[in-house]
Amino acid sequence: MGYDARFFNGSNDSDMIAIALAEGRVILTRDTQIVKRRVVTSGQLNVILIQSDRPELQRQQVTDALNLNCRFRPFAICLECNQPLLERSKQQVKDLVPPYVFKTQSQYMECPACHRIYWRGTHWQAMTRNLEQYMTSCP
Ligand SMILES: [Zn+2]
């Protein structure tokens, strides 16, 4: 959706909380223990306790809670490091993408930080369909 986000994979809660505080992040979690911490109950750290198992309802809860509505810019930043993506020509990525991708895709984006190349393949199409459904439900 184009929002700066960071995924914590198995790191301990205290590390995650320290980083969230330092970077001014909101923690999205299904862990009921985190919301009981003093740093959360005191209002110092904003945590959203995700209620549903269903991704579309989880997204709805987060966009409602943070008042994000429809003001998102899908695919604008790198999924890995949150840097704004830059457009690249087909020739610029010739040796950087698989031959089949080069043959079938014409639009490419590159992350200036990690140099990951993005294109509008099947994963992009599936995510776009998903977001379009969401956008039509916006006021
Ligand atoms: Zn990147």
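Atoms within a ligand are numbered from 1 in the order they appear, just like the ligands themselves.
- With the Zn ion (ligand 1) as the vertex, atom SG of Cys78 and atom SG of Cys111 span an angle of 110° (nearest 10 degrees).
- Cation-pi geometry between Lys90 and Phe102 is met: under 6.0 angstrom from the ring centre, within 45 degrees of the axis.
- Taking backbone and side-chain atoms together, His115 has no N/O/S atom less than 2.8 Å away from the Zn ion (ligand 1).
- No side-chain donor-acceptor contact under 3.5 Å links Tyr118 to the backbone of Trp124.
- With the Zn ion (ligand 1) as the vertex, SG (Cys81) and SG (Cys114) define an angle of 120°, rounded to 10°.
- Atoms CD and CG, from Gln92 and Leu86 in turn, are 9.5 Å apart once rounded to the nearest 0.5 Å.
- For the pair Arg37 and Asp13, the minimum side-chain heavy-atom distance is below 4.5 Å.
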